[in-house]
Trainee: 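Just dropping this structure here.
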2 protein chains.
Amino acid sequence: MGYVRTFVPRSAAQSPLFVGVDLGGTNVKIGVVDDLGRPLSWVSIPTDAVAGPDVAVRRMAIAVGEAIAQAGLVPSDIVACGLGSPGTMDIPTGMLLDPPNLPGWQNYPLRDRLSDAIKLPVTFANDANSAAFGEFWVGSGRELDSMIMFTLGTGVGGGIILGDLSVDGHHSTGSELGHVILDHHADARMCPCGQPGHLEAYSSATAVVKRTRELLDGGRASSIIARLRRGEELTTLLLGEEADAGDPLADEVLMEAAGYLGVGITTVMHTIDPEGVLLGGAMTFGGEQTPLGRRFLERVRAEIRRRAFPVLAEKTKVAYAYLGGDAGFIGAAGLARLAHHKTVQGSGLKVQG
Amino acid sequence: MGYVRTFVPRSAAQSPLFVGVDLGGTNVKIGVVDDLGRPLSWVSIPTDAVAGPDVAVRRMAIAVGEAIAQAGLVPSDIVACGLGSPGTMDIPTGMLLDPPNLPGWQNYPLRDRLSDAIKLPVTFANDANSAAFGEFWVGSGRELDSMIMFTLGTGVGGGIILGDLSVDGHHSTGSELGHVILDHHADARMCPCGQPGHLEAYSSATAVVKRTRELLDGGRASSIIARLRRGEELTTLLLGEEADAGDPLADEVLMEAAGYLGVGITTVMHTIDPEGVLLGGAMTFGGEQTPLGRRFLERVRAEIRRRAFPVLAEKTKVAYAYLGGDAGFIGAAGLARLAHHKTVQGSGLKVQG
């Protein structure tokens, strides 16, 4: 999203230094981050979840070492590590519970195993909350005192940051903004979680692809059909290209998803009233840099203007996220930093990059 | 709600002492509260909003003096005052903006005028958030680390408390839980705020009365009809009596409101994931002490069990509030206390009553 990755040289880095680990179902991204939120290095390795968590932890520890070496540092230069992980999880005990994206990793003490392997204190957070915290710390939310973030991908992830507080929730299930209910009716669109009417059933990439298929099956004409006949896969990338090329159906489906997102955002605005709302993830179409990205955002804003309290519709900032795929490891490092400074200095401190 | 008001005698009160002011459209309730959240006294005066805010502030200052005298204290015994007020408001500047329940009080510097009149520092908060903080401090939420509260009356008020943080919102519009959207359709039930599909259009006393009239106008039989013919007013009290007496229509309408409340609660649970959810206000039918109150709560819980993530449905506490009409002034005093201790000691401290 316009984010130019600038690695800070070791000589210019502001101590203390942290490692951030962004564990995903497919890849693990690991980087060294300084006290101002600037990355010094990063590495990415396949998660290889099927090999099991013990093997993955060993490989993650090696990759942490590589990220440290790549920054020209030695392990003792790092004071703490932050880990963002898919749920379900129990944050206070550092346990993974039953993560659907990491099959076979049930009831695994991930935080402590990683801590043992890298010999650093490790903070543990939800991956979407980590990404939101990265944006809040040094990304698109760096001027905000509070924000909510929606990550539009296969599902719809969420994060809520109120000052130093990332809303993890009492049962480690906070900020699940994809599961805000838009429609209480039993026949509302079905969310992959099994419940009707959730935002994720309307504004995720999965939902948009499903909705397109429904309309095509219903006999709607579209330039998409020719591409599918050529064997192309129906993705939001393809939909975005066709919407840009003027296909009414592709445009309708994407703008409809944006409108529903505006409904969900309004509910969370009335609940939290943050200073700003950020949108990230693959389904943001290149963000402000592309015509489709700008139209998508304008449609979201229009729905908010139509539905939210006037003061919120007028004043709440709604913008795209900035750090892209780096938000996760930077935010994880930021949460480690927050815990470190609270321990050492007795208070958290938002330092702007 | 089973709350037995015990005034703490002056000799047993734990200093420092605070005054709480709960300003409503009809009455102002004012009390002295000690450091453990126990009231030493309270007085209630009519708001008499039409006389304008300057007159009301003078009368409130006199009533503050009365509450202090009633507790056997002198003004210098009190260290700070908390004020809870209906919105709309700007909390940082202490201004009322355009409060629909206080006509003629637009753009009024209420916090500072009251502070000048009583010569005490005054904290300023939304009335629903103050009530929620009272319950959190010494009421039904006193064992919780985080909670949301729904106040079911003419409208549906909300409060979100996360530890020491009352979620006022960046634009002083946080925790407006009555304006969570249950139904995105344009033909959904209309909220008094002018938007379709809000919780308040389904689960407030106003909504329940309106729904009953619709069903009666549609020709439904009900024991309510005879009472209306005798000139009685259709209220939730009457509906509750008829539901208790076995009238199917009254029962249906109230249980339907409870179900919709469960939908709205689920959305906020997925957003905040609090340790507990409290229900207060007139439309709680006497709470756990009455058969109807117990059935209403059971219907809310059943909807949450049906809709929420299993871990939340199983573990989140859902209960009635406890302090009744005292929650507002106690909570306002509690917020003044929090600010006082943060200033004096550098940290907030939840002391349990």
Side-chain angles (χ1 to χ4, degrees), chain A residues 88 90 97-98 144-148 158 160 162-163 165 167-185 188 193 195-199 202 259-260 262-264 266-276 303 306-312 314-316 346-347, chain B residues 88 90 97 144-148 158 160 162-163 165 167-185 188 193 195-199 202 259-260 262-264 266-276 303 306-312 314-317 346-347:
Chain A
T88 55
D90 184 61
L97 297 181
D98 188 16
L144 305 175
D145 67 15
S146 52
M147 56 167 255
I148 57 179
I160 303 173
L162 304 172
L165 179 68
V167 178
D168 291 329
H170 184 82
H171 311 91
S172 305
T173 311
S175 304
E176 289 283 357
L177 303 183
H179 303 278
V180 160
I181 297 166
L182 302 193
D183 185 352
H184 66 77
H185 295 95
C193 81
Q195 286 291 332
H198 289 186
L199 173 61
Y202 294 80
Y260 285 124
V263 178
T266 299
T267 280
V268 187
M269 282 168 66
H270 288 173
T271 303
I272 299 292
D273 179 15
E275 185 174 8
E303 192 69 26
R306 196 160 78 85
R307 291 195 177 257
F309 291 147
V311 61
L312 300 185
E314 183 193 337
K315 294 192 175 173
T316 307
S347 75
Chain B
T88 56
D90 184 60
L97 297 180
L144 305 174
D145 67 15
S146 52
M147 56 166 255
I148 57 179
I160 302 174
L162 304 172
L165 179 68
V167 179
D168 292 329
H170 184 83
H171 311 91
S172 305
T173 311
S175 305
E176 288 283 358
L177 304 182
H179 303 279
V180 161
I181 297 166
L182 301 194
D183 185 354
H184 67 77
H185 295 95
C193 80
Q195 287 290 333
H198 289 186
L199 173 61
Y202 294 81
Y260 285 125
V263 178
T266 299
T267 280
V268 186
M269 281 168 63
H270 288 172
T271 303
I272 300 291
D273 179 13
E275 185 174 7
E303 193 68 26
R306 195 160 77 85
R307 292 197 178 256
F309 292 148
V311 61
L312 301 185
E314 184 192 335
K315 294 192 175 172
T316 307
K317 298 171 182 79
S347 76

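Since we're looking at a predicted model, the values are computed, not measured. Every chain is numbered from 1 and lettered A, B, ... according to where its sequence line falls, protein lines coming before strand lines.
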Trainee: Measuring only between side-chain heavy atoms, which start at C-beta, is His171(B) closer than 4.5 Å to Phe309(A)?
Mentor: no

Trainee: Is the closest side-chain heavy-atom distance between Val311(B) and Thr88(A) below 4.5 Å?
Mentor: no

Trainee: Are any non-hydrogen side-chain atoms of His170(A) and Lys315(B) less than 4.5 angstrom apart?
Mentor: no

Trainee: Quick check: do Val180(B) and His270(A) have side-chain heavy atoms less than 4.5 Å from each other?
Mentor: no

Trainee: Does any N or O in the side chain of Asp273(A) come within less than 3.5 Å of the main-chain N or O of Ser172(B), such that one atom is a donor and the other an acceptor?
Mentor: yes

Trainee: Only one of Arg307(B), Glu303(B), His184(B) passes side-chain contact (heavy atoms from CB on, under 4.5 Å) with His184(A); say which it is.
Mentor: Arg307(B)

Trainee: Please state whether the side chain, the backbone, both or neither of Thr316(A) comes within less than 4.5 Å of a heavy atom of chain B.
Mentor: both

Trainee: Counting heavy-atom pairs under 4.5 Å with chain A, which one of Asp183(B), Ile160(B), Leu177(B), Asp168(B) comes out on top?
Mentor: Asp183(B)

Trainee: If you tally heavy-atom pairs under 4.5 Å against chain B, which of His198(A), Arg306(A), Glu176(A) wins?
Mentor: Glu176(A)

Trainee: Quick one: what part of Val268(B) sits under 4.5 Å from any heavy atom of chain A, side chain, backbone, both or neither?
Mentor: side chain

Trainee: If I measure from the heavy atoms of chain B, does Ile181(A) come under 4.5 Å with its side chain, its backbone, both, or neither?
Mentor: both

Trainee: Would you call Thr271(B) and Val167(A) a side-chain contact if the rule is heavy atoms closer than 4.5 Å?
Mentor: no

Trainee: Need one label for Ile148(A): side chain, backbone, both or neither, based on atoms under 4.5 Å from any heavy atom in chain B.
Mentor: neither

Trainee: At a heavy-atom separation under 4.5 Å, does Ile272(B) approach chain A through its side chain, its backbone, both, or neither?
Mentor: both

Trainee: Please flag which part of Thr173(B) lies under 4.5 Å from any non-hydrogen atom of chain A: side chain, backbone, both or neither.
Mentor: both

Trainee: Measuring heavy-atom distances to chain B, does Leu182(A) have an atom under 4.5 Å in its side chain, in its backbone, in both, or in neither?
Mentor: both

Trainee: Which bit of Gln195(B) is near chain A, if near means a heavy-atom gap under 4.5 Å: side chain, backbone, both or neither?
Mentor: side chain

